[in-house]
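Order of the sequence lines fixes the chain letters, A, B, ..., with proteins taken first and strands second; residue numbering starts at 1 for each chain.
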Amino acid sequence: MIIEPEQDPIVGNDETGGNHSASDKAGRVPACTNVDTLLRAILRDVLALDQAQVDGFDHETGLFGHLPELDSMAVATLFTEMEDRLDIIIEDEDVDGEMLETYGGLLTFAETRALES
Amino acid sequence: MVLTFDGGRTHRLIIFPAMFDEANKMRRQTVEVMHRLDMSGIDSFLPDLPGCNESRQPLEKQSLACWRQAARAAADHFGATHVLSLRAGAVVAPANLPGWRFAPLTGAKALRSLVMAQSVSAREAGGEDGLESLSTIGRKCGVQLAGWQFGPQLFNDLQQAVAIPDSQQALVEQEQLGGSGLWLRAEPGESPPQADALAAIIAMSMISL
């Protein structure tokens, strides 16, 4: 990947992700429960959903093709926010239909990438 | 072109807005903040950087150095006493002015969101422009991303762009305003409570000086 969302050098601290960042100062990966919480918050913010609605998502909840808010441009925003807040990098080959089909699929992907980072 | 609330007052704030797609989504909100500052006795100025918004300059001919020079010239021209930058606007804010950086973004992250949008759009249209190939093309010969035409100079500049070292501006994060960032929304919008909160942070500091 050419453009990597590095630790932000923008004057000292990570100010771009700011308080969103899931990684602590030592760069440790977030616990899976945190990935779940963060992913729900990202979906809430990007798709302008209620917290109660995203809290109700289970592994089988349909995303792309099921949530009218999740159009292709929202997908781009979703991926960018996932990279930023979860401190992961999304590659070309990651983007397939399965990943966005259900909340469980997206969560599995996010957790796997968070553990690798 | 510049949008101004100029009453010839002592407190004068120059604003460097969010960039590209985020600029469209944040502009109404930015003007909402300016209205509130006006009512608090603060003049504010919202200039277009060369190649942005209503500027007649081509975006693809711009560079970070040219933008920073234009930002300094605008601050001097309007006699700005303070600066507010929004999102990627942080990379052009003059270092010598006190003020605020709201939810700042590096140039690399600003580009990344456009590369992501272009890639998703190309994939939907059956194209093969991936994240990596778009970035490679951008670095070598410039690239069009989500409707914005970047020359190689600006693309490479933005990939490295961070706020000018020793900038005096204080950080304001989205959490301090409540709610979620308006740049995330599908359409341009405004949030009166968030505008109130940001204007209050700025006005309380400027007026008390």
Apply side chain to side chain contact (heavy atoms under 4.5 Å, CB included) to A/E83 and B/M116, showing your working. CA-CA 11 Å; A/E83 287 194 337; B/M116 196 70 85; 3.6 Å; yes

Has [X] got more than 12 heavy atoms of other residues, nucleotides or ligands less than 6.0 Å from its [atom1]?
{"X": "A/E69", "atom1": "CD", "value": "yes"}
{"X": "B/Q149", "atom1": "CD", "value": "yes"}
{"X": "A/H66", "atom1": "NE2", "value": "yes"}
{"X": "A/E93", "atom1": "CD", "value": "yes"}

Considering non-hydrogen atoms only, spot the tightest contact between B/R112 and A/I90 and give its length.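 So the two residues come closest at NH2-O, 3.1 Å.
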
Minimum heavy-atom separation for B/A117 and A/A76, please, with both atom names.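 Closest approach of B/A117 to A/A76: CA-CB, 3.4 Å.
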
Does anything in residues 61-76 of chain B form a salt bridge (Lys or Arg N to Asp or Glu O under 4.0 Å)? List the pairs, not counting sequence neighbours.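 Applying salt bridge (Lys or Arg N to Asp or Glu O under 4.0 Å) to every pair that reaches into residues 61-76 of chain B, excluding sequence neighbours, yields nothing.
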
So do the side chains of [X] and [Y] get within less than 4.5 Å of each other, counting heavy atoms only?
{"X": "B/S113", "Y": "A/T77", "answer": "no"}
{"X": "B/Q174", "Y": "A/D45", "answer": "no"}
{"X": "B/L131", "Y": "A/E91", "answer": "no"}

Are the side chain of B/R123 and the backbone N or O of A/D92 linked by a donor-acceptor pair below 3.5 Å?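 At least one qualifying donor-acceptor pair exists.
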
Side chain, backbone, both or neither: which part of B/A186 has a heavy atom under 4.5 Å from chain A?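 Neither part.
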
Taking side-chain hydrogen bond (donor to acceptor under 3.5 Å, both in side chains) as the test, write out the residues that go with A/D50, two or more places apart.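 Partners of A/D50 by the side-chain hydrogen bond (donor to acceptor under 3.5 Å, both in side chains) criterion come out as none, since no residue qualifies.
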
If you measure from CD1 on A/I42 to OG on B/S180, what distance do you get to the nearest 0.5 Å?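 Nearest 0.5 Å value for the CD1-OG distance: 12.5 Å.
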
